[in-house]
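Because the structure is predicted, anything quoted here is derived from the model rather than measured. Letters A, B, ... are given to chains in the order of the sequence lines, protein chains preceding strands, and every chain is numbered from 1.
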2 protein chains.
Amino acid sequence: MAHLQPDQTGELSGIRPRRNNRRLELMRAAAHCFVAQGYAATTMREIAAAAGMQPGSIYYHFSSKLDLLTAVHEEGLRRITAATGAALDRVGGDAPPWERLEAAACAHMSALLEGDVFFTAVMRDLPDEDTPSRERVTALRDDYERIFSRLLADLGLPRDVDARTLRLMLMGAMNWAHGWYRKDGDTPDAIARKFIRYLRQSLSD
Amino acid sequence: MAHLQPDQTGELSGIRPRRNNRRLELMRAAAHCFVAQGYAATTMREIAAAAGMQPGSIYYHFSSKLDLLTAVHEEGLRRITAATGAALDRVGGDAPPWERLEAAACAHMSALLEGDVFFTAVMRDLPDEDTPSRERVTALRDDYERIFSRLLADLGLPRDVDARTLRLMLMGAMNWAHGWYRKDGDTPDAIARKFIRYLRQSLSD
DNA sequence: GTCTATACTTGGATAGAC
DNA sequence: GTCTATCCAAGTATAGAC
């Protein structure tokens, strides 16, 4: 009871930030590889090299490659949920609904395109192998998407607008951007604001 | 000269539809595997089994796994370009621009979600390995995307709308749909029409 | 054109020293 | 907690018969 729930990474919660230090480095190295080449194409040797350790050493921290992928996804989803929530807190609960949606979209795009690799890894390839751990990841995904569901519900959309399809449309547009985003073009925020603007006028009544 | 350009698949052009018959079956089997699991996770043995042949037999038709992927992508891009072009012909060159865009979006979504697997394989994972063949695939991709660029240019958008970002937004929304589409929900056409509608009013000036 | 058989390489994972 | 060494399975690709 004294320690609450010891966080798996020791980073988000701020509790015990130094313990299991290499575990998080390992996850970050893996996330980089997964983003660059995809999960299946990434080898444990590559991950080990990226983390500056020997392949065998990975298995002290993770029981399998799939276990490592799961950890990366959980971390990524936890972070993106926290980042978007923080952005919403910053803009305030009584800000206009479209402004709140824009804030969330900006947070999502910044995280996906310029933030930590954990976010990006989540969107690159979801673990399609049927594993017990997949349920947890799916649950976290659902939690995150619910943020956007609520924001859309608050817009007071016209009755002939299907909020679910609209949400999937927006999320698809955002997530696909990691395939074409270039650092010398629009910033993630600018892209997000354009997306919202292109939807806004037609639907705000 | 008599045969014009002998088509690589013998299917699209209508010339010599029976020759190299198994080659196309093989490509289709491979496309199925690539869509289901991704390129890297797919093995030559699986492809062979799906095509009803022995692993070694593949190499009579294709020199490598990457060669097979390239062929699948080229075929998919050739087909989606043809299908979208045909849909535009059907709706007519002097139809209203938004109607033409809708027709193209419907063709794209139908192809991606319910059409031949070749289309879908193209969107699942692009060949990121640097290979000479990648240039050809990229060129075909560019050709296809140019169709949408032209359609958007014809809309006569307000000056403060960035046509490129709008195109990428729409393409992202569409391509991401293959991750959430269910046969018991909206049809591909219905989804495409919603997407277009949610963009239309705000932007038609 | 397809098969069988197999060469050769790479990958995930383990064992045990330190 | 990390390393070295290694096992074993699985992968791509080839050779040659039919």
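Contact annotation: A:Q54 side-chain N/O to D:dT4 OP1/OP2 distance is under 4.0 Å. Residue A:S57 has no polar side-chain atom (N or O) positioned under 4.0 Å from OP1 or OP2 of D:dG1.
In this structure, the side chain of A:R100 does not engage the main chain of A:A95 through any donor-acceptor pair within 3.5 Å. With A:R45 contributing its side chain and A:P55 its backbone, the two residues share no donor-acceptor pair below 3.5 Å.
Atom P of nucleotide D:dT14 and atom CZ of B:F62 are separated by 15 Å, given to the nearest angstrom. For the pair A:H61 NE2 and D:dG1 C1', the interatomic distance rounds to 6 Å; values are reported in whole Å. Regarding B:Y60, its OH atom lies at a distance of 22 Å from the P atom of D:dT12, rounded to whole Å. B:I47 has its CD1 atom 12 Å from the C1' atom of D:dG11, to the nearest Å. What separates CE of B:M53 from C1' of C:dG1 is a distance of 8 Å, to the nearest Å. Rounding to whole angstrom units, CZ of residue A:R22 and C1' of D:dG1 are separated by 9 Å.
Over its length, the helix from C:dG1-D:dC18 to C:dC18-D:dG1 turns its helix axis by 10°, as judged from the five terminal pairs at each end, rounded to 10°.
Under a 4.0 Å N-O distance rule, the pair A:R79/A:D116 qualifies as a salt bridge. Using a cut-off of 4.0 Å between Lys/Arg side-chain N and Asp/Glu carboxylate O, B:R28 and B:E25 are scored as not salt-bridged. Using a cutoff of 4.0 Å between basic side-chain nitrogens and carboxylate oxygens, B:E75 and B:R78 are scored as salt-bridged.
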Check nucleotides 10-13 of chain C against the protein and report each pair of N or O atoms closer than 3.5 Å, with its distance, or say if there are none.
residue, atom, partner, partner atom, Å
C:dG11, N7, A:R45, NH2, 2.8
C:dG12, OP1, A:T42, O, 3.3
C:dG12, OP1, A:K65, NZ, 3.1
C:dG12, OP2, A:M44, N, 2.8
C:dG12, N7, A:R45, NH2, 3.3
C:dG12, O6, A:R45, NH2, 3.0
C:dA13, OP2, A:Y59, OH, 3.1
C:dA13, OP2, A:K65, N, 2.9

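In this view, B:Y144 and B:H108, B:F148 satisfy the ring-ring contact (aromatic ring centres under 6.0 Å, His included) rule, not counting sequence neighbours.
Between the side chains of A:S133 and A:D67, not a single donor N or O lies within less than 3.5 Å of an accepting N or O.
Residues A:E46 and A:Q37 meet the side-chain proximity criterion, which asks for heavy atoms closer than 4.5 Å.
The CH2 atom of B:W176 sits 4.0 Å away from the CG atom of A:N175 when rounded to the nearest 0.5 Å.
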